[in-house]
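Following: one structure in structure tokens, then a few remarks.
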Protein chains: 2
Amino acid sequence: MPDTDGSHVSHEGAFEIAHPHRELLDQVLDKWSLSVLGELCERPCRFNELRRAIPAVTQKSLTATLRRLERNGIVERVLLSSRPVAVEYRITPLGKTMRPPVEVLLEWAAAHMPEIERARRAFDLE
Amino acid sequence: MPDTDGSHVSHEGAFEIAHPHRELLDQVLDKWSLSVLGELCERPCRFNELRRAIPAVTQKSLTATLRRLERNGIVERVLLSSRPVAVEYRITPLGKTMRPPVEVLLEWAAAHMPEIERARRAFDLE
DNA sequence: CGGCATCCCGTAGGATACTG
DNA sequence: CAGTATCCTACGGGATGCCG
């Protein structure tokens, strides 16, 4: 990989991780976000619909996750009616752009899981 | 749609996230891992070399990160000499396979950062 | 229904000191 | 140099209860 014109910043194999990017990924790839995103990519969901779809999440964590995703412009909170309160969560266009990177990640995880489990067992033996 | 263990990735618009995969991503995309990986993709590094390259990391967290990555087969700990102790960390072939997915992710973050910051400001105003 | 408020605990992870 | 050992704190996040 000669990189003859040298216009390009990163040399050879390295990737830098800027702090704002790191922070963003933390917000958006945290414990429950991917599950929520997975659901909302499929269809808009009500709050309790999401709870049922992701049984392991508590109400508190789900609220926090949705607020965080909303704040970052990834999901949208739509008030359907105010009496009784009815809310729907939808993925935004920006949120949809996360799909390809996330899928690449999941494919990597799926592809290398066996190798990684072998590595773990080997490590844990010593 | 049974498939509770969800090893199956995509039908139409949704992505499922299986628990082993979620756990793996947590181990491998955590606070310091990407910075470490970035360094080690460039060249093998000594422990204190990594500390200097990533000034914000504490010794304890760096040790933990390296152990975790080693356990998952992503980096390799090479004992160069035992008196005085000299250790070198290297990325493994498995570790190198993380590069493309990580770069896709970083490119996503870089590309959409402005839009996300706008969303945050808008959200924080209310 | 869609939350917020409160309590409570475990753990990640920083600071500091010491060791082979 | 490359850690281990302690101590300590913040915070994620579970459980429970209440409310418009």
Side-chain angles (χ1 to χ4, degrees), chain A residues 17 19 22-37 39-40 43-72 75-91 123 126, chain B residues 17 19 22-37 39-40 43-72 74-91 123-124 126:
Chain A
I17 170 110
H19 222 39
R22 168 74 263 157
E23 189 203 356
L24 171 57
L25 295 182
D26 280 339
Q27 301 235 335
V28 128
L29 294 180
D30 73 309
K31 190 169 182 186
W32 300 111
S33 293
L34 291 189
S35 302
V36 170
L37 267 279
E39 293 302 319
L40 295 185
R43 66 192 183 287
C45 280
R46 309 286 299 273
F47 186 83
N48 284 329
E49 213 172 340
L50 283 172
R51 293 191 65 176
R52 282 188 298 274
I54 313 168
V57 74
T58 63
Q59 169 277 318
K60 181 180 175 180
S61 301
L62 181 55
T63 301
T65 301
L66 287 169
R67 286 292 167 282
R68 196 168 38 240
L69 292 177
E70 190 192 354
R71 177 168 184 270
N72 286 278
V75 309
E76 185 187 6
R77 183 179 186 274
V78 182
L79 189 65
L80 296 179
S81 91
S82 22
R83 262 273 278 334
V85 178
V87 176
E88 186 176 83
Y89 291 93
R90 294 178 192 168
I91 192 151
F123 184 92
E126 292 149 28
Chain B
I17 169 108
H19 258 288
R22 169 74 261 157
E23 189 204 357
L24 171 57
L25 295 183
D26 280 338
Q27 301 236 334
V28 128
L29 295 180
D30 73 310
K31 190 170 183 188
W32 301 111
S33 293
L34 290 189
S35 303
V36 170
L37 267 279
E39 292 303 318
L40 295 185
R43 66 193 183 287
C45 281
R46 308 286 298 273
F47 186 84
N48 284 328
E49 212 172 341
L50 283 172
R51 291 190 67 176
R52 283 189 298 272
I54 312 168
V57 74
T58 63
Q59 167 280 316
K60 181 180 174 181
S61 300
L62 181 55
T63 302
T65 300
L66 287 169
R67 287 291 168 282
R68 196 168 37 240
L69 292 177
E70 190 192 353
R71 176 169 184 269
N72 286 278
I74 307 296
V75 309
E76 184 188 8
R77 185 179 185 273
V78 182
L79 189 65
L80 295 179
S81 90
S82 22
R83 255 279 268 340
V85 179
V87 176
E88 187 175 81
Y89 290 92
R90 295 177 192 169
I91 192 153
F123 184 93
D124 293 343
E126 293 148 26

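Residue numbers begin at 1 in each chain, while the letters A, B, ... track the order of the sequences. These numbers were taken from a predicted model, which means no experiment stands behind them.
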Worksheet entry | Distance in angstrom units between Ile54(B) CD1 and dA2(D) P, rounded | 14 Å
Item to complete: Taking Arg46(A) for its side chain and Tyr89(A) for its backbone only, find out whether a donor-acceptor pair lies under 3.5 Å.
Response: no
Worksheet, complete the sentence: Students should find that the end-to-end axis angle of the helix from dC1(C)-dG20(D) to dG20(C)-dC1(D), with five pairs defining each axis and rounding to 10 degrees, is 50°
Worksheet item: Listed by chain and number, what are the salt bridge (charged side-chain N to carboxylate O under 4.0 Å, His left out) partners of Glu76(A), not counting sequence neighbours?
Response: none
Worksheet item: Between Arg77(A) and dG2(C), is there a side-chain N or O to OP1/OP2 distance below 4.0 Å?
Response: no
Practice prompt. Tell me, please, which residues at least two apart from Arg22(A) pass salt bridge (charged side-chain N to carboxylate O under 4.0 Å, His left out).
Written response: Asp26(A)
Fill in: Residues that Asn72(A) engages under side chain to side chain contact (heavy atoms under 4.5 Å, CB included), provided they are two or more places apart
Leu24(A), Gln27(A), Arg68(A), Ile74(A), Ile116(B), Arg120(B)
Discussion item. Quick check on dC1(D): is either OP1 or OP2 less than 4.0 Å from any side-chain nitrogen or oxygen of Arg46(B)?
Written reply: no
Worksheet entry | Residue pairs fulfilling side-chain hydrogen bond (donor to acceptor under 3.5 Å, both in side chains) with at least one residue in residues 53-63 of chain B, sequence neighbours excluded | Thr58(B)-Ser61(B), Gln59(B)-Thr63(B)
Worksheet item: Which residues pass the salt bridge (charged side-chain N to carboxylate O under 4.0 Å, His left out) test with Arg90(A), sequence neighbours left out?
Response: Glu88(A)
Discussion item. Whether Tyr89(A) contacts dG3(C) is assessed here as follows: a side-chain N or O lying under 4.0 Å from the phosphate OP1 or OP2. Is that the case?
Written reply: yes
Discussion item. In whole Å, I'd like the distance from the CZ atom of Arg83(B) to the C1' atom of dA2(D).
Written reply: 15 Å
Worksheet item: Mind checking what makes salt bridge (charged side-chain N to carboxylate O under 4.0 Å, His left out) contact with Glu23(A), not counting sequence neighbours?
Response: none
Which pairs of donor and acceptor atoms, one on a side chain in residues 79-86 of chain A, lie under 3.5 Å apart (sequence neighbours left out)?
{"residue": "Ser81(A)", "atom": "OG", "partner": "Pro84(A)", "partner atom": "O", "Å": "2.7"}

Worksheet item: Which letter, B, S or -, goes with each nucleotide of nucleotides 14-20 of chain D from 5' to 3', with contact meaning a protein heavy atom under 4.0 Å?
Response: BB-----
Worksheet item: How would you label the contact of Arg51(B) with the nucleic acid (heavy atoms, under 4.0 Å): base, sugar-phosphate, or nothing?
Response: nothing
